[in-house]
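In what follows, every chain begins at residue 1, and chains take the letters A, B, ... in the order their sequences are listed.
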Amino acid sequence: MTEAVEQRHFIQQIIDADIESGKWGAPGDQSVITTRFPPEPNGYLHIGHAKAIFISHGMAREFGGKFNLRFDDTNPAKEEVEFVESIKHDLEWLGTNWDGEVCFASDYFGQMYDWAVELINKGLAYVDESTPEQIREMRGKVGAAGTDSPFRDRPASESVDLFAQMKAGEIENGKMVLRAKIDMASTNLNMRDPVMYRVVNTPHHRTGDEWHIYPMYDWAHGLEDSIEGVTNSLCSLEFQDHRPLYDWFIDAINKGKSEDDAIRHPQQTEFSRLSISYTNMSKRYMRQLVEENHVDGWDDPRMITLASFRRRGYTPESIKEFVVGVGVTKFNAMMDFGRLEGALRDDLNKRTPRRMAVLDPIKLVITNWGEHGDEDRVEMMDAINNPEDENAGTREIPIGKELWIERADFMIDPPKKFFRLGIDREVRLRCGYWVKCHDFKEDAEGNVTEVHCTYDPNTRGGNNPPADEEGKVRKVKGTIHWVCASDCIDAEIRLFDRLYKTEKPGKETGDHLDDLNNDSLEIRTGCKLERTFASVTPDEPVWPDGVRRFQFERTGYFCVDKDSTDGKMVFNRTATLRDSWAKKR
RNA sequence: GAGGGAUUAGUGUAAUGGUAGCACGAGGGUUUCUGAUACCCUUAGUAAGAGUUCAAAUCUCUUAUCCCUUACCA
């Protein structure tokens, strides 16, 4: 018997060691640990971002440290306030609230500028007047060294002057950049005199026209981290080659400074991104889907933005469960989309109230309902709200002579293992009565329109009838759901399938649109719902995010869509139930 | 043709020189007023090769495969 040891992932182990050695403060002090989520406000967050968020947020919370939300708004050409708001909303929805005020890279532009001037004066940076094409040319290629710019060794005073002109808006876009003086022969292309600042004469969504130069990611990011007191700058694997530059810039600022004046040197650590089968995390692809109307906006329930998952009815808890289940590694794993659905079902199964709804209705007529001249009689039945939660209670639902049942629950010529309705077959109406089929009607095309049954009054509530004289109890194999035809509401229900047909969209042809699933959306109208939906009842749980989620018995998990109006309810199918019957066939 | 990473059952992930374990999936079964859920059983793995060692998933070397890098984007 071995005792359970908590397994620590590699980032936790790094932080553990740093705390012990006192890298960031007093040895053993965990509260200094500071992480951040640094999105550029240029689009909507997707589930890949959720992984980065949960990791950084998780580390800060685990150690009792601090978690910052920082907008990396260093490129005014691509950024908008709209995205700032949606990103904040997404983080709140996920339950990963940030500490303190929201941070903006643009708040540090002044400090960064001063440091850049310091670098120039230390001979570590210079203004380059080469054209973008020339700079690209001089950078060289993989396997071949680059060449020095003719401006590389100009006097610092000249660079300082020109840099000031760039800042003042006296220089046109593309005419000059500030570059770090590192090594044009480095095997790491990022180190070949990277651009630190470029001229952008575009108003910024926060600073307006105060600035005409904007810092590049590599220059800005480490400084932002340092200014905020970030200890662990966690990012994805593609930034591994940028780490030497991240470190170089901090070291360059600290060069010649006393220990007291030196700025914090955060530790960048990289982990693998999330990939999920049948999806693509590329922002470019997503943008194309939206702009070319392959989907209905950024929150189309078939997309993988957090907004779309929210609209589809996914819970933040299930997304966290899934993402955390992937683990933190440096291996580029491909997660099965089914696993996300599994996490969702686990969560929803425990928490959703059960309801009955018929998606593809046909009529069931109970022919012996009015035997005593009371055909219009409507009885009220107790229906259990959630078998997984005994505190969820019951609700009353009506039952009468005519009901709606699912078309798929009747077969004219059923196979033996079909546990539903057919001539001479008996099933239980969930929380209703047992009914036995004796006839059916079909239209000119051969579509079944009505199923005729008799009911057994001894099975009220769906319970087993009393034993016969020999002590035998009659049993039924199947239970089907239903809705009372005289007392129900109509609704539109949207069924979603995966957006792409292939596991790796675009892998084969290079164009993800080739792999689009044209049947990913099915809109069902005229669906029949039990009347309890019409208004929010006391036995309906309140979800923190305001979404109304349900399980429709036997058909799946659904939520009320924002397109619902007073007169017409619209539901999204969040996920189906697992269906081993479908699999068998 | 360079540099940086990575590789453990079908998938994901542990084991940090000392018993290869867990979860999901899949297959089978039990229970069941959801063909759901729950429960039980089964399943299968260290990319290949060499070396060091009493002992290697773990250290070394070679090979293979995959990912990232050639923006005045982040």
Side-chain angles (χ1 to χ4, degrees), chain A residues 2 5 7-10 13 38-40 42 72-75 77-79 128 130-132 135-136 139-146 173-179 186-192 194-200 213-214 216-218 220-221 235-244 270 272-273 275 277 283 325-336 338-339 342-343 345-346 349-350 354 356 383-384 387-388 417-420 427-432 434 459 461-464 476-481 551-556 576-585:
Chain A
T2 54
V5 178
Q7 291 158 352
R8 311 281 288 162
H9 61 66
F10 80 102
Q13 292 178 32
E40 183 185 19
N42 69 346
D72 207 4
D73 53 349
T74 57
N75 186 355
K78 292 168 65 178
E79 296 153 8
D128 194 333
S130 306
T131 66
I135 289 176
R136 192 180 315 130
R139 183 161 24 242
K141 287 189 281 197
V142 289
N173 290 1
K175 292 292 182 196
M176 282 178 202
V177 292
L178 182 72
R179 288 231 259 171
S186 173
T187 53
N188 182 346
L189 285 298
N190 295 124
M191 302 298 275
R192 317 246 261 229
V195 173
M196 294 165 63
Y197 279 93
R198 77 287 208 187
V199 175
V200 183
I213 53 172
Y214 290 88
M216 298 288 289
Y217 168 86
D218 286 304
H221 206 87
C235 60
S236 50
L237 240 31
E238 68 265 34
F239 290 103
Q240 284 175 125
D241 289 340
H242 294 250
R243 185 172 4 110
E270 312 85 9
S272 65
R273 281 202 201 212
S275 301
S277 61
K283 202 173 263 185
V326 181
V328 180
T329 68
K330 284 181 181 291
F331 176 67
N332 278 310
M334 171 69 77
M335 288 298 283
D336 194 334
R339 191 138 164 186
R345 290 190 184 110
D346 276 354
N349 175 52
K350 295 189 192 84
R354 312 294 132 121
M356 290 208 275
I384 188 163
E388 304 288 324
K417 292 272 190 175
F418 185 76
F419 300 149
R420 310 176 194 177
V427 299
R428 170 188 295 112
L429 296 174
R430 174 93 165 138
C431 303
W434 291 19
T459 58
N463 296 313
N464 289 359
V476 286
K477 275 265 177 61
T479 298
I480 66 171
H481 59 281
Q551 183 197 104
F552 292 176
E553 300 232 16
R554 301 209 306 137
T555 57
T576 61
L577 258 33
R578 279 184 60 200
D579 188 356
S580 56
W581 163 242
K583 204 179 287 179
K584 250 172 216 158
R585 289 179 300 168

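At a cut-off of 3.5 angstrom, the base of B/U34 holds at least one donor-acceptor pair with the side chain of A/Q551. Scanning atom types as modelled, no donor and acceptor separated by under 3.5 angstrom connect the side chain of A/R192 and the base of B/U70. Below the 3.5 angstrom threshold, one finds no donor paired with an acceptor across the side chain of A/Q7 and the base of B/U13. In terms of polar N and O atoms assigned as donor or acceptor, the side chain of A/R420 comes within less than 3.5 Å of the base of B/G35 in a complementary pairing. Scanning atom types as modelled, no donor and acceptor separated by under 3.5 angstrom connect the side chain of A/D336 and the base of B/G10.
Contacts of A/G478 with the nucleic acid, taken as non-hydrogen atoms under 4.0 Å apart, are absent. Contacts of A/S130 with the nucleic acid, taken as non-hydrogen atoms under 4.0 Å apart, include base atoms. Contacts of A/G174 with the nucleic acid, taken as non-hydrogen atoms under 4.0 Å apart, include base atoms. No engagement by A/H221 is indicated, since no non-hydrogen atom pair under 4.0 Å with the nucleic acid exists. Contact annotation for A/E553: base contact, defined as any heavy-atom pair under 4.0 Å involving a base atom. Residue contacts for A/V195: at a heavy-atom cut-off of 4.0 Å it reaches the sugar-phosphate backbone alone, with no base atom in range. Within the 4.0 angstrom heavy-atom criterion, no nucleotide atom of any strand lies near A/S186. Among the atoms of the strands shown, only primed sugar atoms or phosphate atoms (P, OP1, OP2) are found under 4.0 Å from some heavy atom of A/V326. Note on A/D218: nothing from the nucleic acid sits closer than 4.0 angstrom, heavy atoms only. Residue-level contact check: A/F418 touches the bases, meaning some heavy atom is under 4.0 Å from a base atom. Counting any heavy atom pair closer than 4.0 Å across all strands shown, A/K350 reaches no nucleic acid atom. As judged by a 4.0 angstrom heavy-atom cut-off over every strand, A/F239 is placed among the base-contacting residues. No contact: A/P244 has no heavy atom under 4.0 Å from any strand.
Donor-acceptor pairing under 3.5 Å is recorded for the side chains of A/S130 and A/D128.
For B/A55 and B/G4, the P atoms lie 33 Å apart once the distance is rounded to whole Å. Here the separation of B/G1 from B/C24, taken at their C1' atoms, is 43 Å to the nearest Å. Separation of the P atoms belonging to B/U58 and B/U8 is 13 Å when rounded to the nearest angstrom. B/U42 and B/G5 have their C1' atoms separated by 38 Å, given to the nearest Å.
Taking A/H221 as the reference, A/Y217 meet the ring-ring contact (aromatic ring centres under 6.0 Å, His included) condition, with sequence neighbours excluded.
Using a 5.5 Å limit on the distance between ring centres and a 30° limit on the angle between planes, the aromatic ring of A/F419 counts as stacked on the six-membered base ring of B/G35.
The side chain of A/R339 contributes no N or O atom lying less than 4.0 Å from OP1 or OP2 of B/G10. Contact between the side-chain N/O atoms of A/T74 and the OP1/OP2 oxygens of B/A74 is found at a separation under 4.0 Å. Phosphate proximity of B/U37 to A/R345: absent, as no side-chain N or O sits under 4.0 Å from OP1 or OP2. Taking side-chain N and O atoms only, A/R578 has no distance below 4.0 Å to OP1 or OP2 of B/G35.
Of the candidates B/U13, B/G27, B/U70, B/U70 carries the atom nearest the A/L189 side chain, counting heavy atoms from C-beta on. Counting only heavy atoms from C-beta on, A/N75 has its side chain closest to B/A74 among B/G3, B/A74, B/A36. When distances run from any side-chain atom of A/R198 to the nucleotides B/G35, B/G5, B/C72, the shortest one goes to B/C72. Here the nucleotide nearest the side chain of A/R139, chosen from B/A71, B/U7, B/U37, is B/A71. When the nucleotides B/C73, B/A2, B/U34 are ranked by their closest atom to the side chain of A/T187, B/A2 comes out on top. Side-chain proximity of A/E388 to the nucleotides B/A71, B/U37, B/G27 is greatest for B/U37. Set against B/U13, B/G12, B/C73, the side chain of A/T329 has B/U13 as its closest nucleotide. With distances taken from any side-chain atom of A/M335 to the nucleotides B/A6, B/G12, B/A2, the minimum falls on B/G12.
In this entry the distance linking CG of A/D241 with P of B/A6 reads 12 Å, nearest Å. Distance A/M191 CE to B/G4 P: 13 Å, rounded to the nearest Å. Residue A/R430 contributes atom CZ, which lies 10 Å from atom C1' of B/U32 at whole-angstrom precision. Atom OH in A/Y217 sits roughly 13 Å away from atom P in B/U69 (whole-Å rounding). Spacing between atom NZ of A/K141 and atom P of B/U70 amounts to 14 Å, rounded to whole angstrom units. Rounded to an integer number of Å, the gap from A/H242 NE2 to B/G4 C1' is 11 Å. Spacing between atom CH2 of A/W434 and atom P of B/U34 amounts to 12 Å, rounded to whole angstrom units. Regarding A/N464, its CG atom lies at a distance of 10 Å from the P atom of B/U32, rounded to whole Å.
Within 6.0 Å of NZ on A/K175 lie no more than 12 heavy atoms contributed by other residues, nucleotides or ligands. Crowding of A/K330 atom NZ: a count of heavy atoms from other residues, nucleotides or ligands under 6.0 Å exceeding 12.
Judged by closest nucleotide on RNA chain B, A/G143 is the one of A/G143 and A/N42 placed further toward the 5' end.
Counting all heavy atoms, side chain and backbone alike, A/M216 lies closest to A/V195 at CG-O, 3.2 Å.
At a threshold of 4.5 Å between non-hydrogen side-chain atoms, the residues A/L577 and A/T555 do not count as touching.
Only one option out of A/R428, A/E553, A/R554 pairs with A/T479 in a side-chain hydrogen bond (donor to acceptor under 3.5 Å, both in side chains); it is A/R428.
Consecutive pairing runs in RNA chain B reach the stem threshold at B:2-7 with B:64-69, B:10-13 with B:21-24, B:25-30 with B:38-43, B:47-51 with B:59-63, where a stem means at least three Watson-Crick or G-U wobble pairs with distances under 3.5 Å.
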